[in-house]
Amino acid sequence: MPNEKDMKEIVALCKRRGFIFAASDIYGGINGFWDYGPLGVELKNNLRDFWWKSMVKNPPIGPDGHPVQIVGVDSSIIQNPKAWVASGHVGGFSDPMVDCRETKKRYRADHIVVLKPKDGGERWIAVMEDDDDFMAARLKKVAKGKTGDDFAHVLLVDLDTSEYAKVLAPDAKEVGTLTEPKEFNLMFESHAGPIQSDDNKVYLRPETAQGIFLNYKNVLDSSRVKMPFGIAQIGKAFRNEVNPRNFIFRSREFEQMEMEWFCHPDEAKTWRDFWFEQRMKFWEAIGLAGSNLIKRDHDDDELSHYAKEGLGTADIEYRFPFTAPGYGELEGVAHRCDFDLNAHQEHSKTKMQYLDTERDNEKYIPHVIEPAAGLTRGVLALICEAYTPDSNRPSGVYLNFDPKMAPKKAAILPLIAKGDHPKVAEKIYMDLREEFEIDLDIKQNIGKRYARQDEIGTPYCFTIDDQTIEDNTVTARERNTMAQERVSIDKLSEYLREKLK
RNA sequence: GCGGGUGUAGUUCAAUGGUAGAACGUCAGCCUUCCAAGCUGAAUAUGCCGGUUCGAUCCCGGUCACCCGCUCCA
């Protein structure tokens, strides 16, 4: 299947050409961490800068026909731990899990209900919470037709672990196979200061959003922003994922691009719809168009703690090779209500109310619409989308990056490594590199060099030949079609500028 | 965290209880007027730790990493 996008080959290409390496490769790697190589960092920066431009520097026109207002921040990765208590991450970002020694299955301890026979029977039957079908089937099988009413219902987490010996696990045949609950804390911990104790325990942020909420008041007091407005941030975030998988898709250290849009509660729906549409346009503008990009609304039972009320969350998902025919999340647009500002107001005793002079001096805590995108997931989507096997060209594959995203915009290639060609090439290179990311490649035959540029997704190659010496034109070779045209040397900047729009 | 699989050069693959090979890629030189051409040469590998053995890349144990399936995934 020559035209299938094979994840193994994509990963190999990423390493071979310097996009993405396993972190600490020479020590055998480390699970859940990846490094960006010379081309990977260019690609990531291009995506990052395009996001910043489309949010902060040149934000879209709002529904009322006027440009919206968004400012940026860059907050610390480590915050006062109270911030994570207030945000709900200390309490809610960890789950107690139990394993079954017999069946090797794992369950959320707080989702298991234990049925204690009212007649004093010694076998306590564990079932999934809120799953009546499962309970009925289970009781039919192991309790001879008794019903739920014949039992006292107790949460597993409320049992003493010494009582686990009586518990029959949900899929087990024998009692007493459940392990003690283990905490799965998804937040990385460290210590601020050289002496480790509980007193100076700190967390590496699991999302960049809280750094925005913590600075909401500072920004409001210093920046002359008015409701509605946004605060944007790009940065690293850390999660102790149980099981990092799928290359850089689920890693323990990753990068987010988040914008918190503050607005009057009555306008939340308008802005939620507006931002979702804008975010779709963003990804489409850099090449993720078509059926590989979809919208998906979250089901009620998967909503975050902050989004249970309100309008919920809608994801923008991309069909990665490893999720196909399904999709994987690229970005979520959530209605966080006033959850975060309320929580911080309560915990920090700092007033988060906004005095809206344009609404008759109404005081309110604004609602938040949050478009939160994965930068590193975006990079992966761009690579997967661009990866194009093509048996008709020497490289066998090329990366069809949108020119705006391509790590190198053009390569300058003297046809022959001798005579005047290299001199002219170097001059063109020096001129163009002031404005664009440019490769200068002199050695080896021209076919090899075209092929190499195809593999790293360089959209244009400018080749210097004898005619160049006579009339100051070069051949411009286009990556996708391999078509060539002659362009005047003094028009090359303009040529690239036009193509990169 | 569980189960299964895989670890040999940058990549894709060979081979072997006793000197680890190839192709492509990379680098250098020659050649070359437009798509990995040709010639010459070079560098680079048995994931890591331990055991058995005279000798282990090969057998065994552990570990790490990756892949698949569960589980999990604010």
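All values below were derived from every heavy atom in this structure, side-chain atoms included, with hydrogens, water molecules and symmetry-related copies excluded. Protein chains get the first letters and strands the later ones, always in sequence-line order, with residue 1 at the start of each.
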In whole Å, measure the gap between the [atom1] atoms of [N] and [M] for me.
N	M	atom1	result
G17(B)	A56(B)	P	14 Å
A14(B)	G4(B)	P	24 Å
C72(B)	A15(B)	C1'	42 Å
U71(B)	C58(B)	C1'	35 Å
U19(B)	G3(B)	P	37 Å
U6(B)	A28(B)	P	39 Å
G55(B)	U63(B)	P	26 Å
U16(B)	C2(B)	C1'	35 Å

Base, sugar-phosphate alone, or nothing: which one does [X] contact when heavy atoms must sit under 4.0 Å apart?
X	result
E455(A)	base
A22(A)	nothing
R17(A)	base
R245(A)	base
N31(A)	sugar-phosphate
F247(A)	sugar-phosphate
K8(A)	nothing

If the cut-off is 4.0 Å, is [X] near the phosphate of [N], judged by side-chain N/O to OP1 or OP2?
X	N	answer
K418(A)	C31(B)	yes
R16(A)	U12(B)	no
K448(A)	A37(B)	yes
K443(A)	U26(B)	no

Atom-to-atom span, [atom1] of [X] to [atom2] of [N] - whole angstrom:
X	N	atom1	atom2	result
N445(A)	C31(B)	CG	P	15 Å
R449(A)	A37(B)	CZ	C1'	13 Å
I10(A)	U12(B)	CD1	P	14 Å
Y450(A)	G25(B)	OH	P	18 Å
D25(A)	G47(B)	CG	C1'	10 Å
M7(A)	C68(B)	CE	P	9 Å
E258(A)	A74(B)	CD	P	14 Å
D465(A)	C35(B)	CG	P	12 Å

Could you tell me whether D439(A) and R449(A) have a side-chain N and a carboxylate O separated by less than 4.0 Å?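 Between R449(A) and D439(A) there is no salt bridge, as every charged N stays at least 4.0 Å from the carboxylate O atoms.
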Suppose the criterion is ring-ring contact (aromatic ring centres under 6.0 Å, His included): which pairs have a residue in residues 444-487 of chain A, not counting sequence neighbours?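 Passing the test, one end in residues 444-487 of chain A: Y460(A)-Y495(A), F462(A)-Y495(A).
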For RNA chain B, produce a single dot-bracket line, 5' to 3'. Pairs: Watson-Crick or G-U wobble, both distances under 3.5 Å. Symbols: ( ) within strand, [ ] crossing, | other strand, . unpaired. (((((((..((((....[..)))).(((((.......)))))....(((((..]....))))))))))))....
State whether a side-chain donor-acceptor pair under 3.5 Å links [X] with [Y].
X	Y	value
D490(A)	S488(A)	yes
T208(A)	E258(A)	yes
Q453(A)	R477(A)	no
N31(A)	R252(A)	no

Tell me which residues in residues 479-491 of chain A lie within less than 4.0 Å of RNA chain B, going by non-hydrogen atoms.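 Only M482(A), Q484(A) qualify.
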I would like to know whether R48(A) and E255(A) meet salt bridge (charged side-chain N to carboxylate O under 4.0 Å, His left out); could you show each step before the answer? CA-CA 10 Å; R48(A) 180 197 66 187; E255(A) 208 157 344; 5.6 Å; no
Nearest-0.5 Å distance, CD1 of residue I248(A) to CH2 of residue W34(A):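 Spacing of CD1 (I248(A)) from CH2 (W34(A)) equals 8.5 Å.
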Can you classify the ring geometry of F322(A) versus F320(A) as parallel (below 30°), tilted (30 to 60°) or perpendicular (above 60°)?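 Plane angle under 30°, so parallel.
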Parallel, tilted or perpendicular, as decided by the 30° and 60° cut-offs, for the rings of F188(A) and F238(A):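 Taking F188(A) first and then F238(A), their aromatic rings stand perpendicular (interplane angle over 60°).
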So that I know where these two stand, are F247(A) and F249(A) an aromatic pair - ring centroids less than 6.0 Å apart?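 Ring centroids of F247(A) and F249(A) are no less than 6.0 Å from each other.
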Residue A417(A), side-chain atoms from C-beta onward, closest of U32(B), C72(B), U26(B):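 Per side-chain heavy atoms of A417(A), the pick is U32(B).
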5′-ward residue of the pair Q467(A)/N246(A) relative to RNA chain B: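 Final value for this comparison: Q467(A).
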Reference residue I446(A); test side-chain contact (heavy atoms from CB on, under 4.5 Å); the match among I416(A), L413(A), D441(A):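 Going through the options one by one, the only one that passes is L413(A).
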